[in-house]
Amino acid sequence: MRFLALSLSVIAVCALDTLNYGAFTQTATYSIANQLGFFTAYELEVIYQQIPNSTFAYAEILNGGYDLLTGTLDNCVNLRFNSNKTVTVVGQLDQGTDLVLAATPNITSISQLRGKPLIVDSPVSGYAYLLRQVLSSYGLLLENNDYYFQTVGGTNLRYADLVAGKLPNGTTVYATILTYPFTAEGEGLSSAKRPNVLARISDFVNPVSSTALTVSQSSIGNSNKTNIITRFVAAMYAANLYLQDPTKKNCTLKAISRQLNVSSTVAQLEYTAATNNSSGEVGVGGNFTVNLQGALNIIGVRKKFGGFSSLSPDFDFTSALVPGHGKLIDYSIRDAAIKILKRDLLRTTC
Ligand SMILES: *[C@@H]1O[C@H](CO)[C@@H](O)[C@H](O)[C@H]1NC(C)=O
Ligand SMILES: *[C@@H]1O[C@H](CO)[C@@H](O)[C@H](O)[C@H]1NC(C)=O
Ligand SMILES: *[C@@H]1O[C@H](CO)[C@@H](O)[C@H](O)[C@H]1NC(C)=O
Ligand SMILES: *[C@@H]1O[C@H](CO)[C@@H](O)[C@H](O)[C@H]1NC(C)=O
Ligand SMILES: *[C@@H]1O[C@H](CO)[C@@H](O)[C@H](O)[C@H]1NC(C)=O
Ligand SMILES: *[C@@H]1O[C@H](CO)[C@@H](O)[C@H](O)[C@H]1NC(C)=O
Ligand SMILES: *[C@@H]1O[C@H](CO)[C@@H](O)[C@H](O)[C@H]1NC(C)=O
Ligand SMILES: *[C@@H]1O[C@H](CO)[C@@H](O)[C@H](O)[C@H]1NC(C)=O
Ligand SMILES: *[C@@H]1O[C@H](CO)[C@@H](O)[C@H](O)[C@H]1NC(C)=O
Ligand SMILES: *[C@@H]1O[C@H](CO)[C@@H](O)[C@H](O)[C@H]1NC(C)=O
């Protein structure tokens, strides 16, 4: 009996809590946390759920299908301010890493996009507004039908379609917006398949607050959920500090390469992009603080193209960005995660 009780308690100690993690892309920070065992160190089993499109993803976060997701901040801004949806940003992960307008090999200049479709997640998503900003600099306006949008889905689907040169229904693909890790993966392809980077978004809007750690407001204060999410954010925080440490470069490269199943050459390109201090995953104060200017910039672009038409013209975006309970940004989980940082993880070897 005593022996049985002992084995049961050992099992109980080892039991991992499950966190359903929705993500559009596998960031460098996630790759480190996952490959180097940081989630396990926080007694978590993280189930990576590939997000097919933003409509689906934000419904899942609100109905509890996902416990946390990483997606671009604009989605939360849109849902909060335009639709009163209680999505909450726990922190910012990146500033639009490797965010580019990419085209098929035949398209070598933005002017060639005249009359063509651009594939997007949603025509009213933040990335679609960023595309409108870039194309408008070349005199191409959506409202003049100089080009048009086709709704396809998240970045992974769009990258696959761009490389294939066509949608699953056979429609020719010309261009889309890409982000980490697909921009560098594209650079690793043979010249016949390699997408052309027509523009870097950071040359038009900079900084861009992009990937945000996002939860449902209802999971803050619900002690079990809050606890599990806090441990996830702590593991990601440790991984982000690891990413910032140049002496850990070789292990980081290995983690990226294994997570994405890419060559060491491509992993090096991914590393360079992720560690860029103005557009990567390390430029945000090192603790997931939202870059206020980056947030105001995406709000500005959305506003310019009518993406806040239902709001009063004197809506105060700056005060709506002030963090707090029940607000768009709530740092309570982030602050608790920093307090439970396991410093020994920062010395992990591989
Ligand atoms: C989004 O994904 C869901 C789930 O896969 C799918 O049912 C839906 O049709 C997709 N929506 C769009 C607009 O592609
Ligand atoms: C959102 O909620 C606020 C306060 O509860 C209310 O004044 C506003 O009309 C709501 N907006 C929408 C779009 O539902
Ligand atoms: C791309 O260019 C090649 C060679 O000029 C041509 O054969 C092909 O049809 C073009 N493809 C598209 C999708 O325009
Ligand atoms: C192919 O799919 C795209 C994206 O869903 C759609 O916009 C387009 O109309 C479809 N084309 C045909 C011929 O069905
Ligand atoms: C937390 O988990 C315990 C044990 O599984 C359960 O009894 C309790 O109801 C949960 N609390 C909340 C707030 O979900
Ligand atoms: C990283 O790997 C390179 C080449 O494999 C090696 O020369 C270098 O010493 C390693 N650096 C560290 C910090 O381990
Ligand atoms: C990893 O990539 C290689 C080469 O592209 C491929 O053969 C292999 O099937 C991939 N493995 C996985 C698990 O996707
Ligand atoms: C970092 O990214 C910015 C914006 O894309 C770019 O201008 C800069 O050259 C990059 N820095 C390095 C060191 O690659
Ligand atoms: C970012 O990196 C550049 C080039 O390495 C450096 O000059 C600059 O001081 C860094 N900026 C910050 C905010 O760390
Ligand atoms: C996060 O980093 C910023 C910038 O370095 C700093 O001002 C702030 O105090 C930090 N917050 C926490 C909770 O560590």
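Both ligands and their constituent atoms are indexed starting at 1 by order of listing. Just so it is clear, the values below take in all heavy atoms, side chains as well, and ignore hydrogens, waters and symmetry mates. Counting from 1, the numbers follow the sequence of the chain as shown.
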Review point. Protein heavy-atom contact under 4.0 Å for atom 2 (O) of ligand 6?
Key: yes
Review point. Under 4.0 Å from any heavy atom of D335, which atoms of ligand 10 are there?
Key: 13 (C)
Review point. Are the aromatic rings of F182 and Y180 close, with centres under 6.0 Å apart?
Key: no
Check your understanding: Less than 4.0 Å between atom 14 (O) of ligand 6 and some protein heavy atom, yes or no?
Key -> yes
Review point. Centres of the Y21 and Y66 rings: under 6.0 Å?
Key: no
Review point. Does the separation of the ring centres of Y58 and F56 fall below 6.0 angstrom?
Key: no
Review point. Short N/O distance, under 3.5 Å, between N250 and ligand 6?
Key: yes
Exercise for review: Please confirm whether F39 and F232 have ring centers closer than 6.0 angstrom.
Suggested key: yes
Exercise for review: State the atoms of ligand 10, each with its element, that fall below the 4.0 Å cut-off from a heavy-atom position in N287.
Suggested key: 1 (C), 2 (O), 3 (C), 8 (C), 10 (C), 11 (N), 12 (C), 14 (O)
Check your understanding: Side chains of Q92 and S209: do they bring a donor and an acceptor to under 3.5 Å?
Key -> yes
Practice item. Tell me whether the centres of the aromatic rings in F317 and F308 are closer together than 6.0 Å. Key: yes
Check your understanding: Is atom 11 (N) of ligand 6 in close reach of the protein, with a heavy atom under 4.0 Å away?
Key -> yes
Practice item. Could you list the atoms of ligand 10 found under 4.0 angstrom from a heavy atom of T289? Key: 1 (C)
Check your understanding: At what distance is the nearest protein heavy atom to atom 5 (O) of ligand 7, and which residue and atom is it?
Key -> N261 ND2, 4.9 Å
